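One structure below.
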Amino acid sequence: MTPMAASRVIITQPYLQSIPSETVPSPFFSLNLNLKSYSKRYRNIGIHASIRSHKENDLNDKTNPLQIPNTPSDHSSSTHVISKDLLSLPRPLSSTLLSDTISDGSRLRVAYQGVPGAYSESAARKAYPNCEAVPCDQFDTAFEAVEKWLVDRAVLPIENSLGGSIHRNYDLLLRHNLQIVGELKFAVHHCLMANDGVKLEDLNRVLSHPQALAQCENTLTKLGLVREAVDDTAGAAKHIAFHKIRDAGAVASSAAAKIYGLNILAEDIQDDSDNITRFLILAREPIIPGTDRPFKTSIVFSLEEGPGVLFMALAVFALRQINLTKIESRPLRKQPLRVSDDNNNVKYFDYFFYVDFEASMADQSAQNALRHLKEFATFLRVLGSYPLDTSS
């Protein structure tokens, strides 16, 4: 047997407990993973409230900031009121604004990605009803805002029951040193909206986030609308309202329609009524895990390449009757390709594996599972142990 590479384990302070040795039975069992991926192609246009000053190696979304036109004095009174209200909305934080933002500490500040009216804002207010919701132009900005003590929490989407995982946030969980302190399931209800006086038959195209467009694919196809992907749903509604576009609508929330003065042409246009987005609640410090209620733990690890290594990693949980609720693989950014040892020079990806399991890090079985896993994992980090959202 060839020696394994040295393991690197990162487990935050509340999870540093002595893990006793154990003898684990090894019953025969099989795992059947049926992981599907879906890809869709859209015509992309960019809408940003502001531009980041820094560049990420894996981002290439250079876009111009959304320009808000001045409101002429001869506009109708209703249009003037809408524009005035929009101009009073909080401007989303960007990386260039982080250093100039100061919290007065009066109440909990919670960051979300998007502009007012975004589903993420509604999720943040559901998690913390009395919070000050702080919009951020990018997911990266929300992470940075928590790290720099400008906000207390961030509420960010991680997966949707129809559209799948938000891969960007999985990568950012590893890049930033924040802790998952909670999760939230939020029911998404999409609406098709347009400016006042615009009818359904007047529309040629529709703007929204790619996930929202994918979730309404059948409805939009029947309507014969060209889909144009933008950064977020509420941003699409804001763009339609500010530019007074007459041939395009937006897919967004009813809250966005109210904020930006748009008329709802159709409600609940998603293809599946069971449209749930799971959000993670992030903080600088972890919470102390308990056993008084159901808990979930999220980890990320990497493995040496070899037959059955992933099977062995998953077996450490199955042998202890620990239920896995999510497994996600992401390629290592710094070394995405490797040459195998055979003579064919076959290239393959090295991966990080993100796993959620139903157990608290206060449970000895969970501690023993991670002790077992680190025997052959080359990297292991606990992202958080937090109460399970049991709401329907």
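On a predicted model such as this, the values are computed, not experimentally measured, just so you know. Excluded from the calculations below are hydrogen atoms, water molecules and symmetry mates; all remaining heavy atoms, backbone and side chain alike, are included.
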- Item | side-chain contact (heavy atoms from CB on, under 4.5 Å) evaluation trace for Leu262 with Ile240 | CA-CA 9 Å; Leu262 299 177; Ile240 294 292; 4.3 Å; yes
- Gap between atom NE2 of His176 and atom CZ of Arg284 - 0.5 Å precision: 14.5 Å
- Query: Roughly how far, to the nearest 0.5 Å, is OH of Tyr170 from NZ of Lys326?
  - Reply: 4.0 Å
- How about Tyr112 and Pro135: do any of their side-chain heavy atoms sit closer than 4.5 Å? yes
- Query: With a cut-off of 6.0 Å (strictly less than), are more than 12 heavy atoms of other residues, nucleotides or ligands near NZ of Lys258?
  - Reply: no
- Residue pair Asn263, Asn195: steps toward the side-chain hydrogen bond (donor to acceptor under 3.5 Å, both in side chains) verdict: CA-CA 6 Å; Asn263 290 334; Asn195 279 302; over 6 Å; no
- Qualifying residues under ring pair (Phe, Tyr, Trp, His ring centres under 6.0 Å), relative to Phe186, sequence neighbours excluded: none
- Query: Of Glu159, Glu328, Arg278, which meets side-chain hydrogen bond (donor to acceptor under 3.5 Å, both in side chains) against Ser165?
  - Reply: Glu328
- Query: With a 4.5 Å limit on heavy-atom distance, are the side chains of Ser302 and Asp350 in contact?
  - Reply: no
- Given side chains that start at C-beta, do those of Tyr386 and Thr297 come closer than 4.5 Å, heavy atoms only? no
- Message: I need the Leu388 CG to Thr325 OG1 distance, nearest 0.5 Å.
- Response: 7.5 Å
- Query: Do Val300 and Leu383 touch side chain to side chain, with heavy atoms closer than 4.5 Å?
  - Reply: yes
- Message: One pair to check against salt bridge (charged side-chain N to carboxylate O under 4.0 Å, His left out): Asp202 and Arg246. What are the steps and the verdict?
- Response: CA-CA 7 Å; Asp202 298 328; Arg246 310 290 296 179; over 6 Å; no
- Side chain to side chain, Leu172 and Asp140, heavy atoms closer than 4.5 Å: yes
- Hey, are the side chains of Phe376 and Glu304 touching, using non-hydrogen atoms and a 4.5 Å cut-off? no
- Item | Residues that Tyr128 engages under ring pair (Phe, Tyr, Trp, His ring centres under 6.0 Å), provided they are two or more places apart | none
- Task: Using a 4.5 Å cut-off on heavy atoms from C-beta on, say whether the side chain of Gln211 contacts that of Thr277.
- Result: no
- Given the rule in the ring-ring contact (aromatic ring centres under 6.0 Å, His included) test, do Phe379 and Phe352 qualify, once you have shown the distances and angles that lead to the verdict? CA-CA 9 Å; Phe379 172 85; Phe352 282 121; 5.6 Å; yes
- Message: Is the shortest side-chain heavy-atom distance between Leu156 and Leu282 below 4.5 Å?
- Response: yes
- Item | Worked verdict on Lys296 versus Glu358 for salt bridge (charged side-chain N to carboxylate O under 4.0 Å, His left out) | CA-CA 5 Å; Lys296 180 184 288 186; Glu358 290 182 342; over 6 Å; no
